[in-house]
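Presented below is the structure to which this report refers.
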Amino acid sequence: MEKLVAKVSQRIKILNNELQEIYQEHSDDIVGEITLKNLLGGMRGMTSLVCNTSFVDPYKGLFISGYEIPDFQDKTPEEIFFLLVTGTFPDPSELDELNTELAQRATIPEFVWSMLRSLPKNIHPMTMFSMGILAMEGESVFKKKFEEGVNKDEYWLYTLEDSLNLIAKLPVLAAGIYRLLFMNGDIIDSTQDLNLTDNFTFRLGFNRHNPSFADLNRLYLVLHCDHEGGNVSAFTSRIVNSALSNIYYATSAGLNGLAGPLHGLANQECLHFITEIHDALGNKPSIDAVRNFVMATLDAGKIIPGYGHAVLRVTDPRFSAFMKFGDQYCSESPYLQTVKKLYEIVPPILKDYKDGKISNPWPNVDAISGSLLYHYGMTHYEFYTVMFGISRTLGFCAQNIIARGMQQPIIRPKSVTNTWLKTYFESRTNEGNRTKKAVP
Ligand SMILES: CC(C)(COP(=O)(O)OP(=O)(O)OC[C@H]1O[C@@H](n2cnc3c(N)ncnc32)[C@H](O)[C@@H]1OP(=O)(O)O)[C@@H](O)C(=O)NCCC(=O)NCCS
C-alpha cells in the first residue's frame with residue numbers, strides 16, 4: 001500500500017504545517033464562547049474539535065475536502081475512503097492498489113462466526129456487529145507495535161494498517177450477520193476478489209444479480225461515510241482512540257453510539273414508522289390520513305423519525321441523493337410514495353410545532369434510505385443501522401488515522417457540578433459583573 005501511505009503521510013504533513021502556522025499566530029485567541037445554554041444543551045454550537053476529513057455546512061450539507069454530495073455520490077466506498085483520508089480522489093493506479101489491498105484482507109476469523117452463532121436469535125444485529133469487531137481486537141497491528149514500543153511518529157501508520165483490515169472485513173461480517181439472523185444461517189463465501197460493495201451484495205445472497213440493488217448498496221455505503229467530528233458516533237470513536245485504544249475498540253464504541261434511536265437507529269425507526277402508517281391506513285394512504293397520523297404521533301409525545309438535525313437547517317442533500325435514486329429505479333414503490341407524502345406534510349407541521357422550537361423541520365438521510373432497501377427485499381429493518389455502520393467506519397478510521405498522524409492529545413473536557421455553577425455565578429454577581437458571558 002505504498003501509494004496510499006505516501007499520500008496519507010503527505011496529507012498529515014500539510015495539515016500539521018497549517019495548524020502549526022495558525023497556532024503560532026493565534027494560540028491564545030478566542031475561537032468561541034460557552035454560555036450556560038451551550039453547556040446544558042448537549043454542547044450544541046460549541047466549537048470544540050478540529051476535524052479535517054469532512055465538514056457539515058448547515059445550509060449545504062456534507063463537504064469532503066471541498067466536494068459536495070453531487071460531486072461524489074457516483075463514486076465507490078473505496079474512492080470515498082481515499083478522499084477522506086488523503087483529501088484527493090485516487091488516480092486509477094492508486095485505486096487499483098487500494099482495491100487489491102482490501103480484497104486480500106476480507107476474511108473473518110472462524111472464531112468470530114462461532115461466537116456470533118452462539119448468540120440468541122433475538123439479539124439486535126448492531127450488537128452482533130459491535131461484538132464481532134471487538135472480538136477481532138486481538139488482531140490489531142497497532143496494539144502489537146505499541147507493545148513493542150514503536151515511535152509515536154508511526155502510530156498513524158499502524159492505525160491505517162488496522163483500518164484497512166477492518167474496512168475490508170466489515171461488509172463480510174455484516175452480510176454474515178444478516179444471514180445468521182434473517183436467512184438460513186449459512187455464511188456465503190467467495191473465492192473472487194470483490195470490491196466492498198460487491199462483496200457485501202454477493203454475500204447477502206439475495207437479489208444479487210440486480211444491478212440497481214448493487215448500486216443502491218454502493219450509494220448507501222458512500223452517503224453515510226462521515227459527517228464531521230462532533231456527532232455521537234464519530235466523537236465517541238475519536239475519544240476512545242485518543243486514549244490510544246486501537247481502531248477495533250474505537251469503532252466498536254462509535255457503533256454503540258450509532259445504535260441509538262436519535263442517531264443511526266433512526267433509519268430503522270423511519271421504516272418502522274412507515275410500516276405503521278401502512279398497517280393503519282393501507283398501502284395508498286391519503287395525504288389527509290397521513291397528516292392525521294403524524295399529528296397523533298406528535299400528540300402522543302413521540303418524535304417523527306427522520307426529521308430534524310443537530311447541525312443541518314435544510315433538507316439533507318443525502319436525502320435528495322436517495323430520492324434521485326428512488327425516482328430513477330423504484331418510483332412505483334408504495335413506501336417511497338409515503339416517504340414523499342411525509343416530505344410534503346411533515347416540515348410545515350414541525351415548523352409550527354412547539355412554538356417553532358424545532359431547529360430543523362426538514363428530513364435527514366434516514367427519512368428515505370430504509371424504504372429503498374425495503375423495496376429491494378431487505379425487509380428486516382433492524383439491519384439498516386449495520387449498513388450505516390459499515391459506511392460510517394470509513395469516517396471513523398479516516399478521522400483517527402489523521403488524529404494519530406497529528407498526534408492529537410487525549411480528549412478530556414472539564415466537567416463541573418451544580419454547586420460549582422452556583423458559586424461561579426454568585427461570585428460574578430458579587431463582583432458586580434452581571435455580564436451573561438461565561439468562563440473567561
Ligand atoms: C436529530 C435530533 C436528535 C436533533 O436534536 P436537537 O438538535 O436537540 O433538535 P432541536 O434543537 O430541534 O430540538 C428541539 C425540540 O424539538 C424536538 N424535535 C426535534 N426533532 C423532532 C422531530 N423529528 N419530531 C418531534 N420533535 C422533534 C426535540 O425533541 C426537542 O424537544 P424538547 O425540547 O422537548 O426536548 C432531533 O431532531 C430528532 O430527534 N430527530 C428525530 C430522530 C432522527 O431522525 N435522528 C437522526 C438524525 S441524523
Side-chain angles (χ1 to χ4, degrees), residues 35-46 48 54-62 69 126 220 223-236 254-274 276-277 290-323 338-339 341-371 381 384-389 391-392 395-396:
T35 62
L36 187 60
K37 196 172 161 189
N38 294 136
L39 200 62
L40 302 184
M43 295 162 72
R44 203 78 85 264
M46 278 167 49
S48 33
S54 69
F55 177 79
V56 179
D57 181 292
Y59 300 98
K60 291 185 176 167
L62 177 65
I69 282 172
M126 275 301 275
Y220 202 102
L223 290 180
H224 293 84
C225 64
D226 201 35
H227 226 220
E228 67 175 41
N231 63 78
V232 167
S233 56
F235 191 32
T236 305
L255 291 172
N256 296 343
L258 195 73
L262 296 189
H263 191 19
L265 204 78
N267 57 12
Q268 155 178 341
E269 298 297 309
C270 285
L271 213 278
H272 182 60
F273 186 59
I274 290 172
E276 281 181 335
I277 293 176
V290 176
R291 185 178 291 109
N292 290 340
F293 195 94
V294 167
M295 287 311 300
T297 305
L298 290 169
D299 289 345
K302 299 188 212 164
I303 56 163
I304 306 299
Y307 282 77
H309 199 271
V311 177
L312 287 172
R313 295 296 173 258
V314 289
T315 295
D316 189 338
R318 299 171 299 176
F319 175 92
S320 308
F322 272 133
M323 187 61 90
T338 299
V339 168
K341 284 177 189 151
L342 287 168
Y343 188 27
E344 195 180 325
I345 291 166
V346 174
I349 294 177
L350 290 187
K351 265 184 202 163
D352 292 337
Y353 193 67
K354 294 194 173 189
D355 301 323
K357 191 181 166 197
I358 296 179
S359 321
N360 178 39
W362 301 106
N364 58 60
V365 65
D366 298 322
I368 184 167
S369 54
S371 61
Y381 47 74
Y384 299 167
T385 315
V386 174
M387 282 184 72
F388 191 154
S391 178
R392 190 47 69 90
F396 296 165

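Whatever order the structure lists them in is the order used to number ligands and atoms, beginning at 1. Only heavy atoms go into these numbers, but all of them, side chains included; no hydrogens, no water, no symmetry mates.
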Q: Could you label the plane-to-plane angle of the Tyr381 and His272 rings as parallel, tilted or perpendicular, counting under 30° as parallel and over 60° as perpendicular?
A: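 The arrangement is tilted - the two ring planes meet at 30° to 60°.
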Anything under 3.5 Å between an N or O on ligand 1 and a protein N or O? List each pair with its distance, or write none.
residue	atom	partner	partner atom	Å
ligand 1	7 (O)	Arg44	NE	3.1
ligand 1	7 (O)	Arg44	NH2	3.0
ligand 1	8 (O)	Arg44	NH2	3.0
ligand 1	11 (O)	Ser359	OG	2.8
ligand 1	12 (O)	Ser359	N	2.8
ligand 1	12 (O)	Ser359	OG	3.1
ligand 1	23 (N)	Ile304	O	2.9
ligand 1	23 (N)	Tyr307	O	2.7
ligand 1	24 (N)	Ile304	N	2.9
ligand 1	31 (O)	Lys354	NZ	3.2
ligand 1	33 (O)	Lys357	NZ	2.4
ligand 1	34 (O)	Lys354	NZ	2.7
ligand 1	40 (N)	Tyr307	O	2.9
ligand 1	44 (O)	Gly306	N	2.8
ligand 1	44 (O)	Asn364	ND2	3.0
ligand 1	45 (N)	Leu262	O	3.1

Q: Classify the side-chain pair Thr236/Asn256 by whether it contains a donor and acceptor separated by less than 3.5 Å.
A: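 Absent: no donor and acceptor within the cut-off.
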Q: Any pair with a residue in residues 296-314 that passes side chain to side chain donor-acceptor pair (under 3.5 Å), sequence neighbours left out, goes on the list, sorted by first then second residue, please.
A: none
Q: For Asp316, enumerate each residue passing the salt bridge (charged side-chain N to carboxylate O under 4.0 Å, His left out) test, keeping only those at least two apart in sequence or located in another chain.
A: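 Arg318.
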Q: Mind jotting down which residue pairs meet the ring pair (Phe, Tyr, Trp, His ring centres under 6.0 Å) criterion with at least one end in residues 351-370? Sequence neighbours excluded, please.
A: none
Q) Would you say the ring centroid of Tyr384 lies under 6.0 angstrom from that of Tyr220? A) no
